[in-house]
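Encoded as structure tokens, the structure appears first; notes follow it.
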Number of protein chains: 2
Amino acid sequence: MDGSGEKKTIKRRPAERVLQRDPERTRAAILEAATKEFAENGMGGARVDAIAERAGTNKRMLYHYFGDKEQLYLHVLEEAYVGIRTAERELHIGDRSPEEGIAELALFTWRYFLKHPEFLSLLGTENLHRARWLRQSVRLKELHSHLIIELTQVLDRGRASGVFIETADPLNVYLTIASLGYFYISNQYTLSTIFGRDLADTANLDAWERHIVHVTLSSIKA
Amino acid sequence: MDGSGEKKTIKRRPAERVLQRDPERTRAAILEAATKEFAENGMGGARVDAIAERAGTNKRMLYHYFGDKEQLYLHVLEEAYVGIRTAERELHIGDRSPEEGIAELALFTWRYFLKHPEFLSLLGTENLHRARWLRQSVRLKELHSHLIIELTQVLDRGRASGVFIETADPLNVYLTIASLGYFYISNQYTLSTIFGRDLADTANLDAWERHIVHVTLSSIKA
DNA sequence: CCGGCCGGTAACTAAACGGTTACTTGATGA
DNA sequence: TCATCAAGTAACCGTTTAGTTACCGGCCGG
């Protein structure tokens, strides 16, 4: 064996940058960086190298903590859902009058979407792939039932006191609120371009916020 | 030069498959294949080889007719917009009563979205990239004004005859209709997964169609 | 006080990618 | 009838990509 029992040797220099040696922090940094990268470029456009660089680490760690690109993406998606559903729980929409409760949920949803456009991007990417990864998730089966249960109670109370129509349906109400927020924010770039009006302008955002509450309530009021 | 003036030579065999030699047809086939590929995989996920194969041709023709991947994508996007706006023009929503006109526009938009999910996908991809390519389009500046003009007239008539509220705004009305259709269809996969209900089921689709008309009209009725 | 383990780095690889080159074939009009 | 050119094919190329391997070093339990 031509004079060498050694395997290929790679030259090493001592690490110059400060070593972190903090697994929790590294993991969190990767997750945050991945959220941004996947939200900006989608599953197909996201680059593993870019995630590692954004997180201030390297690919080896990413594969160490999350397995591969697809599992990392699923983690990001799950974390995003946990984020909104957790914040939603703290609303307690049943504490006020039914009408105020619905208005509160609409305002919360709109403002959350506005503050977390990366969540909307991730939903868009996941739907492009027909929920291929979300359907594999085991963490998310029980997460969303709380919202529907609480919304059902609010609508029941509203119907009983005669302020809401009989046909008011919890899923329909939530989908209405989410539709009006999601479309406006996620499609703002093409809409602003084709209609020649900047939808991200503060005055327009405020007007749409009021519009969402108005549309939602007027569709269920007796 | 070691015994050869020739450049690298490639072996050729006679073409076995039927030659089309039909530029129009080839161009159209590439455009259709590209629409599917971009809609299914987004800009980042779409593969040039896959488009060529789907079109029954090869990459050389694709680059010959469309320049590069980005220009092909822009052509696909422009064609998609031309498609919906052209169909929309033939509605003539001003021909009936204002209320029927709005209902007609809502029904048309919903059914068009339902029939052309690839259009919704393309919008999603384009917005992910903040309308990067659409903003470069020179064909699409005048395309959308007709819709707003006709909608303005219908709302004016409705206001004048007292059936619509004074604050009814044409862009808001269109965005409401589009929101409710877009979100339901484009996000059907994640929504069906998390809420455990198949939104693509015919009964649910019919119910949502009625819901869109109801929500749109109830939000502007006097 | 030291050996192994875990957190960490960077160079490497095979495959896939967008885009190009070299060449062939059929139609057409001078 | 043949020169010319557009239509078409497939091999090729340089780069990028997801994923791996080889190696380093601080720290903690025995």
Side-chain angles (χ1 to χ4, degrees), chain A residues 4-31 33-34 37-38 40-76 133, chain B residues 4-31 33-34 37-38 40-76 133:
Chain A
S4 76
E6 67 189 356
K7 300 176 184 176
K8 59 186 168 183
T9 43
I10 301 163
K11 281 170 195 167
R12 292 286 147 200
R13 48 205 105 104
E16 281 158 40
R17 92 190 197 74
V18 181
L19 288 175
Q20 290 190 15
R21 222 168 173 75
D22 185 339
E24 287 301 310
R25 196 153 76 123
T26 303
R27 227 190 101 101
I30 292 171
L31 212 55
E37 178 73 10
F38 283 123
E40 283 173 21
N41 303 103
M43 177 62 181
R47 298 292 159 240
V48 173
D49 294 86
I51 295 170
E53 201 188 320
R54 287 174 105 132
T57 179
N58 59 67
K59 280 195 288 184
R60 181 66 182 78
M61 288 295 94
L62 192 155
Y63 284 97
H64 178 64
Y65 288 119
F66 296 98
D68 63 7
K69 189 185 180 184
E70 300 198 11
Q71 285 180 70
L72 174 58
Y73 167 78
L74 179 55
H75 265 270
V76 164
W133 290 281
Chain B
S4 77
E6 65 189 359
K7 300 176 185 176
K8 58 186 167 181
T9 45
I10 302 165
K11 281 170 193 167
R12 292 286 147 200
R13 47 206 104 104
E16 282 159 38
R17 88 191 199 77
V18 180
L19 287 175
Q20 292 190 13
R21 223 170 172 72
D22 185 340
E24 287 300 311
R25 197 154 74 122
T26 303
R27 228 190 99 101
I30 291 171
L31 213 53
E37 178 73 11
F38 283 124
E40 284 174 20
N41 303 104
M43 177 63 181
R47 297 292 158 240
V48 173
D49 293 85
I51 295 170
E53 201 188 320
R54 287 175 105 132
T57 179
N58 59 65
K59 279 194 289 184
R60 180 67 182 77
M61 289 295 94
L62 192 155
Y63 284 97
H64 181 249
Y65 289 118
F66 296 98
D68 62 8
K69 189 185 179 184
E70 301 198 11
Q71 285 180 69
L72 174 59
Y73 167 78
L74 179 55
H75 265 270
V76 164
W133 289 282

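Numbered from 1 within each chain, the chains take letters A, B, ... in sequence-line order. Excluded from the calculations below are hydrogen atoms, water molecules and symmetry mates; all remaining heavy atoms, backbone and side chain alike, are included.
- Computed from coordinates, the B:I51 CD1 to C:dG19 P distance equals 10 Å when rounded to whole Å.
- Taking atom CG on A:L62 and atom C1' on C:dT9, their separation rounds to 14 Å, with Å as the unit.
- What separates CE of A:M61 from P of D:dC24 is a distance of 16 Å, to the nearest Å.
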Distances for protein N or O near nucleotides 16-18 of chain C N or O, under 3.5 Å:
| from | atom 1 | to | atom 2 | distance (Å) |
| --- | --- | --- | --- | --- |
| C:dC17 | OP1 | B:R47 | NE | 2.9 |
| C:dC17 | O3' | B:R47 | NH1 | 3.4 |
| C:dG18 | OP1 | B:A46 | O | 3.2 |
| C:dG18 | OP1 | B:R47 | NH1 | 3.4 |
| C:dG18 | OP1 | B:K69 | NZ | 3.1 |
| C:dG18 | OP2 | B:V48 | N | 3.0 |
| C:dG18 | N7 | B:K59 | NZ | 3.2 |

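- The shortest distance between the side-chain N/O atoms of B:N58 and the OP1/OP2 oxygens of D:dT9 is below 4.0 Å.
- OP1 or OP2 of C:dG8 has at least one side-chain nitrogen or oxygen of A:T26 nearer than 4.0 Å.
- Note: CZ (A:R60) to C1' (C:dC6) measures 11 Å, nearest angstrom.
- Here C:dC6 presents its P atom at 16 Å from CZ of A:R27, a figure rounded to the nearest Å.
- Qualifying side-chain contact (heavy atoms from CB on, under 4.5 Å) partners for B:A29, counting only residues two or more places apart in sequence or in other chains: B:A55.
- Applying the side-chain contact (heavy atoms from CB on, under 4.5 Å) rule to B:A50 yields the partners B:E37, B:R47; only residues at least two apart in sequence or on another chain are considered.
- OP1 or OP2 of C:dG8 sits under 4.0 Å from a side-chain N or O of A:Y65.
- For A:E70, the side-chain contact (heavy atoms from CB on, under 4.5 Å) partners at least two apart in sequence or on another chain are A:M43, A:D68, A:R132, A:W133.
- Here the rule is side-chain contact (heavy atoms from CB on, under 4.5 Å) with A:Y65, and of A:L31, A:T57, A:I30 only A:I30 fits it.
- An OP1 or OP2 oxygen of D:dT9 is reached within less than 4.0 angstrom by a side-chain nitrogen or oxygen of B:T57.
- Straight-line distance from the CZ atom of B:R25 to the P atom of C:dG26: 16 Å, rounded to whole Å.
- Take B:K59 and apply the salt bridge (Lys or Arg N to Asp or Glu O under 4.0 Å) test, not counting sequence neighbours, and it matches B:D49.
- Across the protein-nucleic acid pair, B:L72 atom CG and C:dG19 atom P stand 10 Å apart, rounded to whole Å.
- Between B:H64 and D:dG8 there is no side-chain N or O to OP1 or OP2 distance below 4.0 Å.
- Taking A:E40 as the reference, A:R54 meet the side-chain hydrogen bond (donor to acceptor under 3.5 Å, both in side chains) condition, with sequence neighbours excluded.
- Distance A:E53 CD to C:dA10 P: 12 Å, rounded to the nearest Å.
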### Task
Would you check, one step at a time, whether the test side-chain contact (heavy atoms from CB on, under 4.5 Å) holds for A:L72 with A:I51?
CA-CA 10 Å; A:L72 174 58; A:I51 295 170; 4.1 Å; yes
